[in-house]
Every structure is written in structure tokens, then in C-alpha cells.
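It should be emphasised that the depicted structure is a prediction, and the values quoted were computed from it without experimental measurement.
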Amino acid sequence: MIQHVTENRNISFLSAGFFGDAQNRTSDNLTTPTASSANSTFVRPAAFFINGFSNIPHAKYYYVFLCLVYAVTVFGNSFIMSTIYLARRLHTAKYVAVFHLALSDLGGSSVLIPKLIDMFLFDHQYISYEACLTNMFFVFHFMNLQSFTLLILAYDRLIAICCPLKYHAIITKSSISCILSAAWICSFILFAALVGLVNRLSFCRSIVVNSYFCDHGPVISLSCNDNSINYRLAYILFGLLICAPVALITSSYLCIAAALLKLAHGADRKKAMKTCTSHLALVAIFYLPILSVNVKSIATSIDPNVRIINNSLTQIIPPMLNPIIYTLKTEEVMQSIKELYKRNKVATLVSKNAKRENVMRNT
């Protein structure tokens, strides 16, 4: 006998408001999963149908907007990664973390937006079961890496302002690289477990996922056997990987604020605060939408279309803005860009002069 569990949850890890409340829309061609187990009560669908927006006219214009956002994201993050790689003055521990943030931003956008555009602009909304779980894993994995990197950058600012004399001894390229490697390993294990537990679920009612990608909450809410373990793990990961970093970042900035108040000169305080503004902007852009929708979803239900717009913007806007904020707000990066431009200009002039001399010699 199948144990039917239809829990309606209001919080979903990294995709606020996506626990449960998926509509059980069925039709003859959308509810014909094939059994993949000898046990006739266990059903695994061959594919899921990603529903996207419901009853919104001209929704395709929004997906065109996502194309433009993705283009800016790819250019901006590639540019900041190239600048850090080419500029020797940026070969420091802090910019190892900044490089990693750009890399995770680029990875997160690349696993989400191209597939989203393919599904909704070219009407390929069916996605195979295996591809769905793969998509789910990588979207959450890269978002989690963004969260970890923001926490590492907060740690960098904490040591720089509160323990300036020990900064270069504590914050080294090797130590940051080790922390980032540990973040990759932990994230891989945790989300492999989260996604792997989906395989224990039986989907015998509907295969319509009311989201814009294979989100964990809408997928497991379609199951018709006990999914309580899946919900519990999602709650744990949300607390561990979203709430805990926010708490630690907040604590670090309280310590930074206390240290700044002890500075005698206002100019020193202003200079120290300036080094934190870019990071604080990234933290606000990344965490506030996720937390605000989760808090709201606890108190009341949220329209599915509103959730989709909020969560899609939460996942695509920060990766686009991160390189812009660091380029415009960070003096070191701007100076490095100017130096690289001058170096390239000199190299171009030298090359032109060399070619001109060769032509004159040959004539």
C-alpha cells in the first residue's frame, strides 16, 4: 500500500516558498509515468514537465530579458576573472575569493538560464528524470558556493579591520584555497544527499513541476509516498547554508563596527568602512530576497507567479551585479584595469612599430 503524504511546506532551500503547494494539474499526456521498479507501487516518471508561469500574457518577453541578463553576466564575470588573472597586484588571498565568486556566479547562471531559455522560448518543457535531478543539483550547488564565498569575504574583512597586524599571516592564498576546496567538497556531499533522496520517492499523481527549473520543493511535493525525510533535510540545509552564513556575516560586521568605533581619526574610519561597502552590497542583494520571501511564506501563501519572478531574479540578478559592484566600487580593481589597458596600448604600439620597420626594411 502506498502511504500518501501531501505536506504543504512554506520554505524551500535556496528557492524561497517552494515547499509544497505545487498544483496537481493532470492530463492524459502529463500523468503517464513509467514504473522503473519491480514493486508496482513505486513509480518513477520518464520525464517531468516544467510549467513556468501560469496564465501570464507575453511571458516570453521576460525570458528574453533573462537572455540579456545572462549576456551581461557572462561578460562581466569573465571580465573580472580575466582582470584578476592578468593583474599581478590582484594576486592576493582576497582576490582568490573574488575570483571564486565570479566563477560560481558564472557557473550558477550557466546551469540555469540557458536551460530556462531553451524550455520556455523553444517549448522544450519536458525534461528527463535524470536531467531534472542533475539540473537540481548544479543550480543549488553553485548558489551554495556563492553563499560560502560571501561568508569567506566577510571573514577577510573581519581579520583586515579587527586584526590588521596579523592579516597577512592569517589570510593567505593557501588558506583561502583550502577553505574554498572544503566548501566545494561539503557542498557536493550535502546536495548529492539532498538530490539522491529524491530517488526514494514515488511519483504516481502528476509530473507537472510548478517552477521555472527542477526545484527541490515542487518536485518532492508531487510524490505520493512518505517525503518527510526530504523535507527535514531541506530544512536542515536551509538553516545550515543560508541562515547560519547570514548570522555569521552579521556577527562579523558587528565586530567590525565595534572596532571602527575605537578608531580615533574619522578619516581612518571612513577608509576602513569603504573597504566593506562592496561586500555589504553583495550580501544584501543575495540574501535579502531569499530571507524576505521565506519569512513572508511562513505567515501567508504566495502566488506561484510572484514566487517564480522573485526567485528567478534572486538567482540571476546577483551574478550580474557582483562584477559591476566590484569593478566600480573597488579602487584596486579599477587601477588594475587602467594598468592593463595602458600595457595593452603600449604592446599594440610596439607591435605596429615593429611591423612598420619590417615593411621599410623589405622595401
Side-chain angles (χ1 to χ4, degrees), residues 14 73 76-77 79-81 83-85 87 89-109 141-164 166-184 186-187 240-260 271-291 314-315 317-334 336:
L14 291 176
T73 300
N77 285 286
F79 179 75
I80 199 72
M81 289 166 66
T83 300
I84 293 172
Y85 178 77
R89 66 156 54 201
L90 299 181
H91 290 183
T92 62
K94 175 186 174 182
Y95 285 98
V96 169
V98 174
F99 184 95
H100 184 267
L101 180 63
L103 179 64
S104 57
D105 285 341
L106 187 59
S109 296
H141 174 62
F142 280 110
M143 285 192 71
N144 184 51
L145 291 177
Q146 293 171 42
S147 179
F148 267 132
T149 309
L150 291 174
L151 178 58
I152 292 168
L153 288 171
Y155 173 66
D156 171 84
R157 292 299 84 204
L158 176 68
I159 300 301
I161 294 174
C162 297
C163 307
K166 298 180 180 179
Y167 177 79
H168 293 291
I170 298 173
I171 306 296
T172 64
K173 287 193 285 187
S174 59
S175 65
I176 294 296
S177 298
C178 288
I179 294 172
L180 290 172
S181 298
W184 273 79
C186 291
S187 182
L240 183 64
L241 304 178
I242 290 294
C243 296
V246 170
L248 290 172
I249 290 171
T250 302
S251 300
S252 69
Y253 273 101
L254 290 175
C255 294
I256 289 171
L260 292 178
K271 183 178 179 181
M273 289 176 62
K274 191 176 179 181
T275 65
C276 299
T277 54
S278 297
H279 179 256
L280 280 172
L282 301 187
V283 169
I285 292 169
F286 183 81
Y287 288 109
L288 285 181
I290 298 174
L291 294 175
T314 299
Q315 289 178 300
I317 295 300
M320 180 186 72
L321 293 181
N322 288 352
I324 297 174
I325 291 172
Y326 258 102
T327 300
L328 297 179
K329 291 280 187 178
T330 308
E331 187 176 338
E332 290 173 304
V333 176
M334 291 298 295
S336 298

Working to the nearest 0.5 Å, report the span between [atom1] of [X] and [atom2] of [Y].
X	Y	atom1	atom2	value
Leu101	Tyr95	CG	OH	12.0 Å
Asp105	Met320	CG	CE	11.5 Å
His100	Thr149	NE2	OG1	4.5 Å
Ser147	Ile249	OG	CD1	6.5 Å
Ile159	Tyr167	CD1	OH	9.5 Å
Leu282	Gln146	CG	CD	10.5 Å

Qualifying residues under side chain to side chain donor-acceptor pair (under 3.5 Å), relative to Thr92, sequence neighbours excluded: none
Looking at every non-hydrogen atom in both residues, tell me the closest pair between [X] and [Y] and how far apart they are.
X	Y	value
Thr314	Pro318	O-CD, 3.0 Å
Met143	Phe286	O-CZ, 3.6 Å
Asn77	Ala102	OD1-CA, 3.3 Å
Tyr287	Pro245	OH-CB, 3.6 Å
Leu158	Ser252	CD1-O, 3.6 Å
Cys255	Cys162	O-SG, 3.7 Å

Answer whether the closest heavy-atom distance between the side chains of [X] and [Y] falls below 4.5 Å.
X	Y	value
Ile170	Tyr155	yes
Cys276	Tyr253	yes
Ser177	Val96	yes
Leu291	Ile242	yes

task: Could you walk me through whether Ile171 and Lys94 pass side-chain contact (heavy atoms from CB on, under 4.5 Å), step by step?
output: CA-CA 8 Å; Ile171 306 296; Lys94 175 186 174 182; 5.8 Å; no
field: Aromatic ring pairing His91/Tyr85, orientation class (parallel under 30°, perpendicular over 60°, tilted between)
entry: tilted
From CA spacing to verdict: side-chain contact (heavy atoms from CB on, under 4.5 Å), Ile325, Ile285: CA-CA 11 Å; Ile325 291 172; Ile285 292 169; 3.5 Å; yes
task: Decide yes or no on side-chain contact (heavy atoms from CB on, under 4.5 Å) for Asn144 and Cys186, but give the supporting numbers first.
output: CA-CA 10 Å; Asn144 184 51; Cys186 291; over 6 Å; no
- request: Determine yes or no for a side-chain-to-main-chain donor-acceptor pair under 3.5 angstrom, with His279 supplying the side chain and Leu153 the backbone.
  value: no
- request: Go through the steps to decide whether Thr172 and Ser175 satisfy the test side chain to side chain donor-acceptor pair (under 3.5 Å), and finish with yes or no.
  value: CA-CA 5 Å; Thr172 64; Ser175 65; 3.1 Å; yes
